[in-house]
Q: 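Here's a structure for you.
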Amino acid sequence: MPIPDTQLLPAPPPALLAEVASQCALPVGEELQPLVAEVHARFGDALVALLFYGSCLRGGDPGEGLVDLYAIVDDYSRAHPRALLRLANAWLPPNVLLLRTHAADGRILQAKCAVLSLDDLERGTALWFQSYLWGRFAQPARLIHCRDAPTERRVQAALARAVLTLLERTLPCLEARFDSETLWQRALTLSYGCELRPEAADRPALLVRHDREHYRRLTGAAAPALAGLEAVAGETDLYCNRLSASACRRGRRRWRLRRLQGRLLNVVRLVKASFTFEQGVDYVVWKLQRHLGQPIEVSPRLRRHPLIFGWPLLWRLLRERRLR
């Protein structure tokens, strides 16, 4: 029997694993527990891990926005009752669903929950050309549920590989010398540019400043494993780009391809979301309203036939992004 490719992935440096593990283990508020219970109820024994990340993690109050969760499952066939959902999740992961429940104080809690297999998490953070997963999971996350210790180690290793992948692919786009803040701002700018995201241009800089020390430690821990990145002797946070000019040109070309691929895949994921879960149209409209910055009326015919009448909205979104 052939060995699965996820078992051939190299182990990240111990210092990098330790930094990622320490971030994953930081506590989260009890107010998140109703959403955790909702995810458990939805996926049962198929759920092997649950990751919390995004703006609500940074803001500290899950009741103030849409919580970003990643439900890591052992197998799509056990996670989804319908064949369509299983096929969609395997064909273009992740599937996304909206969860809604109530906090102890009566507030409504909402979560955008993405569903991903453990194998796809490992492949996506180390092997995918697109930045969808390694761009996300190089950033801080909390592991708020894990089935067992071996699974915990696999998830932590995947998050550490996301850091290595993002930094390795960002290096060709850097100057000869840079510090960790410059490196991460450039990295997040590149990965955000591969998606149809509504954030302002200064968003990457704000994110890096929010966790500046964490990103500095990540860079120092990852540097020995990154060919072409060299720490400057006698400096605590200064690095050199040792890649050749031709390697930098190739790396920049790949980002141009990645940008085109990523935006097309974002549109496909929106189309997929419109028919792969109960509130699909509402989710897509919410996403489009965030991107376009204005309300969208959901007509009865759009709700009944999103794949027919939703294309003008998607075309408008693509046009707006091109003009930015």
Side-chain angles (χ1 to χ4, degrees), residues 24 27-82 84-90 92-118 120-121 124 132-133 136-137 139-147 151 155 195 197-198 266 269-291 296 298 303 306:
C24 285
V28 297
E30 287 296 319
E31 59 270 26
L32 199 65
Q33 290 309 307
L35 285 171
V36 176
E38 190 72 17
V39 176
H40 277 281
R42 177 68 68 115
F43 297 109
D45 292 341
L47 184 72
V48 300
L50 184 61
L51 287 159
F52 172 35
Y53 75 105
S55 59
C56 286
L57 171 60
R58 291 184 294 272
D61 187 355
E64 290 299 317
L66 191 66
V67 175
D68 287 298
L69 298 174
Y70 254 83
I72 309 302
V73 298
D74 55 6
D75 192 280
Y76 295 133
S77 64
R78 291 190 348 112
H80 299 299
R82 293 167 48 201
L84 175 62
L85 295 177
R86 295 195 292 269
L87 289 171
N89 217 155
L92 185 61
N95 280 6
V96 180
L97 60 144
L98 293 178
L99 300 178
R100 182 175 295 175
T101 187
H102 288 86
D105 60 5
R107 287 187 301 169
I108 294 176
L109 296 176
Q110 297 186 98
K112 180 182 67 174
C113 183
V115 186
L116 192 71
S117 73
L118 183 54
D120 277 344
L121 174 68
Y132 189 90
L133 286 183
R136 276 170 172 73
F137 286 125
Q139 300 175 62
R142 303 288 184 270
L143 186 55
I144 55 178
H145 163 75
C146 203
R147 180 174 63 185
T151 301
V155 171
E195 299 187 37
R197 302 182 69 113
N266 263 228
R269 284 189 172 98
L270 284 174
V271 173
K272 186 185 79 166
S274 70
F275 64 88
T276 53
F277 65 91
E278 308 94 285
Q279 303 96 357
V281 171
D282 297 312
Y283 169 70
V284 172
V285 168
W286 172 79
K287 290 278 286 186
L288 292 174
Q289 286 178 156
R290 289 184 73 223
H291 289 302
I296 295 173
V298 183
R303 193 173 292 281

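One-based numbering along the sequence shown.
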Q: Restricting to side chain to side chain contact (heavy atoms under 4.5 Å, CB included), what partner residues turn up for Ala79, sequence neighbours left out?
A: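 Ala79 satisfies side chain to side chain contact (heavy atoms under 4.5 Å, CB included) with Phe43, Ala46, Val73 once adjacent residues are dropped.
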
Q: Grab the two heavy atoms, one from Ala141 and one from Leu51, that are nearest each other, plus how far apart they are.
A: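 Closest approach of Ala141 to Leu51: CB-CD2, 4.3 Å.
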
Q: Looking at every non-hydrogen atom in both residues, tell me the closest pair between Ser117 and Asp120 and how far apart they are.
A: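 Looking at all heavy atoms of both residues, the closest pair is OG-N, 3.0 Å.
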
Q: With rounding to the nearest 0.5 Å, note down the distance linking CZ in Phe52 to CG in Leu35.
A: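 Result: 9.0 Å between the selected atoms.
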
Q: For Arg86, what residues pass the side-chain hydrogen bond (donor to acceptor under 3.5 Å, both in side chains) criterion, not counting sequence neighbours?
A: none

Q: Let me confirm one number: the CD-CD1 distance from Gln33 to Ile144, rounded to the nearest 0.5 Å.
A: 7.0 Å

Q: Kindly indicate, with the supporting measurements, whether the criterion side chain to side chain contact (heavy atoms under 4.5 Å, CB included) is fulfilled by Thr151 and Ile72.
A: CA-CA 10 Å; Thr151 301; Ile72 309 302; over 6 Å; no

Q: If you measure from the Lys or Arg side-chain nitrogens to the Asp or Glu carboxylate oxygens, is any gap between Glu195 and Arg136 under 4.0 Å?
A: yes

Q: Do you know the tightest heavy-atom contact between Gly54 and Asp68?
A: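 The pair with the smallest heavy-atom distance is CA-OD2, 3.9 Å.
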
Q: Would you give the length of the straight line joining atom NE2 of His145 to atom NE2 of His40, rounded to the nearest 0.5 angstrom?
A: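 Going from the NE2 atom of His145 to the NE2 atom of His40 covers 4.0 Å.
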
Q: Quick one: CD on Gln110 to CG on Leu98, what's the gap to the nearest 0.5 Å?
A: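 The CD atom of Gln110 sits 7.0 Å away from the CG atom of Leu98.
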
Q: Side chain of Asn89, backbone of Val115: donor and acceptor closer than 3.5 Å?
A: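 Yes; judged by distance alone, with no hydrogens or angles, the pair exists.
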
Q: Is any side-chain heavy atom of Tyr132 closer than 4.5 Å to one of Pro94?
A: yes

Q: Closest heavy-atom contact between Leu109 and Glu31?
A: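 Heavy atoms of Leu109 and Glu31 come nearest at CD1-O, 3.2 Å.
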
Q: With sequence neighbours excluded, what pairs up with Arg147 under the side-chain hydrogen bond (donor to acceptor under 3.5 Å, both in side chains) test?
A: none

Q: Within this structure, what is the CG-SG distance for the pair Leu69 and Cys113, rounded to the nearest 0.5 Å?
A: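 So the CG of Leu69 and the SG of Cys113 are separated by 5.5 Å.
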
Q: Locate the shortest heavy-atom distance separating Leu57 from Pro140; write the atom from each residue and the value.
A: CD2-O, 3.7 Å

Q: Any sub-3.5 Å donor-acceptor pair from Arg269's side-chain atoms to Asn95's backbone N or O?
A: no

Q: Enter the distance from Tyr70:OH to Tyr53:OH here, rounded to the nearest 0.5 Å.
A: 5.0 Å

Q: Is any side-chain heavy atom of Leu97 closer than 4.5 Å to a side-chain heavy atom of Arg42?
A: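 Yes - at least one pair of side-chain heavy atoms lies under 4.5 Å apart.
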
Q: Mind checking what makes ring-ring contact (aromatic ring centres under 6.0 Å, His included) contact with Tyr76, not counting sequence neighbours?
A: none

Q: Could you list the residues that satisfy salt bridge (Lys or Arg N to Asp or Glu O under 4.0 Å) with Arg78, not counting sequence neighbours?
A: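 With sequence neighbours excluded, Arg78 shows a salt bridge (Lys or Arg N to Asp or Glu O under 4.0 Å) to Asp74, given in chain and number order.
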
Q: Which residues pass the side-chain hydrogen bond (donor to acceptor under 3.5 Å, both in side chains) test with Asp75, not counting sequence neighbours?
A: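 Only Ser77 meet the side-chain hydrogen bond (donor to acceptor under 3.5 Å, both in side chains) criterion with Asp75.
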
Q: Which heavy atom of Ala49 sits nearest a heavy atom of Leu143, and at what distance?
A: CB-CD1, 3.9 Å

Q: Please report the C-alpha distance between Ile108 and His102 in whole Å, then the side-chain angles of each, then the deciding distance to 0.1 Å, and finally whether the side chain to side chain contact (heavy atoms under 4.5 Å, CB included) criterion is met.
A: CA-CA 5 Å; Ile108 294 176; His102 288 86; 3.8 Å; yes

